[in-house]
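Numbering of residues begins at 1 and proceeds along the displayed sequence.
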Amino acid sequence: MKQLATFGLLSLAVLATQAQSAPPSPMPTPPLATSRPKALVSPYGTRTDNYYWLNERDNPEVLGYLKDENAYFDQQMAPVKELEAKLFTEMKGRIKEQDESVPYRDHGYYYYTRYETGGEYPLYCRKAGSLQGAEEIMLNGNEMGQGHSYFAIGGYEVSDNNELLAFSTDTVSRRLYTLRFKNLKTGQLYPEKIVNVEGNAAWAADNQTVFYAKKDVTTLLPYQVYRHALGTDPAQDVLVYEEKDDTFGLHVSRSKSRQYLGIELSSAFSSEYRYLDAATPTGEFKILAPRTPDLLYEVQDANGKFYVFTNWEAPNFRVMTAPLASPGRDQWQEVIPPRADVFLEQMELFKDYLVLNERAEGIRQLRVINFKDQVGRVVDFPELAYTTFIGANPEFDTPLLRFTYTSFTTPASTYDYDMATHQLALRKEQPVLGGFDKQDYVTERQFVTARDGKRIPIAIVYKKGFHKNGQGPVLQYAYGSYGLSMDPTFSSARLSLLDRGFAYVLCNIRGGQELGRQWFEDGRMLRKMNSFTDFIDCSEYLIKEKYTSPAKLFALGGSAGGLLMGAVVNLRPDLYKGVIAAVPFVDVVTTMSDASIPLTTGEYEQWGNPADQPAYDYMLSYSPYDNVKPQAYPNMLVITGLHDSQVQYFEPAKWVAKLRATKIDHNLLVLHTDMEAGHGGASGRFKALHDVARQYAFLLLLLGQKAL
């Protein structure tokens, strides 16, 4: 299914400015949560949590405390309220309000999204036959989102006959979607509503049968696959698969060739693919290769065989083939061998070509391989730090590869690459209004030597005129978890910081996969501390090389990057003027000890299971909440959402309460809870900018700027 709901944290990775006056003094009486000690008993020790009661989501006292914190936040931010409004207007002014994506062709139609002036949400459209055809609006996000404080479309899928649409929506922000169906010929909605689904669905070839994944409403894990006949009561849907291992999640799909329906089962370190001929939807799914510890694989089919993208005896992954009739692992044959210095991230199959998204020295690039001569060609780009990724390529028999390119200074750009002639055609560079000129900005790429000798890639961007004299403000960002790689991408909102004198620094610390699978392995489980010390080592490098000083260095991280922020301020609070921790995962031991909390069981392979003493002891050694101590902390803004489905609101709320009761400084500590949103913040392209403007204003407040 076309995935439309995106992880909102990238909007957090932008902030900056310059000034020299001291921050305002905080109010003498910030909110203080009542201390109600609760003993948390483990075979390996007992901890006392004074603020455990804040997890009572429906308790009026809890809601009152969160509202008091919001009021305190508003009071502290009052001096920059006008600046915040100016920042929002400035950022919004760079967006072309009436805009549309580059259409892509699929099964006789051209599909695209477009925005209308003033609209928060996109319209999902198509044209039959050619771009000169009449426009069909399949979904109007603005109309559908009316009356909802939060709204998101999870994805959509069109049936083989092009007449039926399956789509999902979320109006709460807990990623529990409702699946609906629409007749695209008549515009009528079918009556059935299937609640608590993953967000995507897969049509069978009969234009009547749909497969979807149900979520457990407590853990939020997708764990059941159902078969639904269009127009029937969902209560009669047939359960075709149930996953019993709560460390695995699942996803339903339809292959690019349209020949197969798939159930993709995966944990962090093991996967399994089950497939069914799409023409026989009532048949039984077959297992391609049974799940095995430390074996990851993904499957596509082309030219009468399966292509398997796998880490089998290849930590940096390789590509193999298997016959359709007997695709077991003993039949796999290598097509693309593994390389120690290149990490494979993704593959895309065409009739005559195989395309790989791969990383070399941390930079994501494209390699195109011609099946006829097996010659591979890397698509070259001139910038030092950039990223490129495969776009929408639903058609199989075509020489054109659609991909996106972006960097710190180049807005998202859609290209078509002719794999036969090697010609590159720019279809669209996202417009940036307000006089933006990429030549006004400078990008650098450096490697920082960590304390154990590892080389950490960092990318830096600033506006011309930034001086490396230790006086410039710097915003340092990293994530460093789950093997998720962070790349240099463009943000028009970030210009509001760069134009005010900030440099922005992206650090590829261990825990991501920028330098291969081992880079991830070295930043998880009993080696997680490497992520935190890598970030600190990058901070010290920026200070040593006079990009900034502790009086002008700011740090930002969200979700697992919020864990990073929490650990860093415990370890080296002296390095930072201010820190923004967005939806931070800070109560590691308590959360990982409670299997009923959403997503916990699937995280054991990332952090460890506290039922095992080595994991318990190690997590306890760095868990930000457990390691708050009487010391001076930087100025801090902590952000959460009441409906967060990934990091529950009470983690940051408890953390702030404990910090207030423990820290010995008078620096600013504020908590902002979005009472209507979840993990990704506000929905809508303009509503989300309010969140970013609020964060920028906090940084500028610390630097004494109120009107610039």
Q.
So that I know where these two stand, are Y65 and F650 an aromatic pair - ring centroids less than 6.0 Å apart?
A. no
Q: Look at the aromatic rings of Y504 and Y477 and report parallel, tilted or perpendicular, splitting at 30° and 60°.
A: parallel
Q. Is the side chain of N627 donor-acceptor paired with the backbone N or O of L620 at a distance under 3.5 Å, no angle test?
A. yes
**Q.** Inter-residue atom distance D294.CG - S267.OG, 0.5 Å rounding
**A.** 9.0 Å
Q) Where the side chain of K215 meets the backbone of R175, is there a donor-acceptor pair that is under 3.5 Å apart? A) yes
Q | Spacing of NZ belonging to K214 relative to CG belonging to L250, to within rounding of 0.5 Å | A | 13.0 Å
Q: Say whether, by atom type as modelled, one donor and one acceptor occur between the side chain of W53 and the main chain of T34 under 3.5 angstrom.
A: yes
Q: Return each pair, listed once, that meets salt bridge (Lys or Arg N to Asp or Glu O under 4.0 Å) where at least one residue sits in residues 612-633; pairs must be two or more places apart or across chains.
A: R47-D626
Q.
Using 0.5 Å steps for rounding, measure from the CG atom of N70 to the CE atom of M675.
A. 6.5 Å
(Q) Tell me which pairs pass salt bridge (Lys or Arg N to Asp or Glu O under 4.0 Å) where either residue lies in residues 692-702, with sequence neighbours left out. (A) D691-R694
(Q) Restricting to non-hydrogen atoms, name the atom on K577 and the atom on L702 that form the minimum distance, rounded to 0.1 Å. (A) CE-O, 3.6 Å
Q.
Could you check whether any side-chain N or O of N635 sits under 3.5 Å from a backbone N or O of L668, counting only pairs where one atom can act as donor and the other as acceptor?
A. yes
Q. Do other residues, nucleotides or ligands put more than 12 heavy atoms under 6.0 Å from K546 NZ?
A. no
Q) Which heavy atom in Y72 sits nearest to a heavy atom in P30, and how many Å separate them? A) CZ-CB, 3.4 Å
Q: Check whether any side-chain N or O of Y649 sits under 3.5 Å from a backbone N or O of L54 as a donor-acceptor pair, and report yes or no.
A: yes
Q.
Treating T640 as the side-chain partner and T673 as the backbone partner, does any N or O pair qualify as donor plus acceptor under 3.5 Å?
A. no
Q: May I ask you to check whether W607 and Y482 place their ring centres under 6.0 Å from each other?
A: yes
Q | Under 3.5 Å: donor-acceptor pair, side chain of Y616, backbone of S593 | A | no
Q. Any side-chain heavy-atom pair from F535 and R572 closer than 4.5 angstrom?
A. no
Q: Mind checking the CZ-CG spacing from F73 to L66? Nearest 0.5 Å is all I need.
A: 14.0 Å
Q. What is the minimum heavy-atom distance between F408 and A459, and which atoms define it?
A. CE1-CB, 3.5 Å
Q: Tell me whether the guanidinium CZ or amine NZ of K92 lies under 6.0 angstrom from the six-membered ring centre of F686 and within 45° of its axis.
A: yes
Q | K663 charged N/C atom sitting above Y633 aromatic ring, 6.0 Å / 45° | A | no
(Q) Assess whether a salt bridge exists between D452 and K454, defined as any Lys/Arg side-chain N lying under 4.0 Å from an Asp/Glu carboxylate O. (A) no
**Q.** Side-chain donor or acceptor of Y547 paired with backbone N/O of S539 under 3.5 Å
**A.** no
Q. So, does S623 use its side chain to make a donor-acceptor pair with the main chain of V586 at under 3.5 Å?
A. yes
Q) What residue pairs, at least two apart or across chains, pass salt bridge (Lys or Arg N to Asp or Glu O under 4.0 Å) with a residue in residues 523-537? A) R451-D537, R510-D534, E521-R524, D522-R527
Q) Aromatic rings Y622 and Y618: how do their planes relate, parallel, tilted or perpendicular, breaks at 30° and 60°? A) perpendicular
Q.
Would the distance check show the side chain of S485 and the main-chain N or O of Q513 forming a donor-acceptor pair, the cut-off being under 3.5 Å?
A. yes
Q: Grab the two heavy atoms, one from Y44 and one from P610, that are nearest each other, plus how far apart they are.
A: CE1-O, 3.5 Å
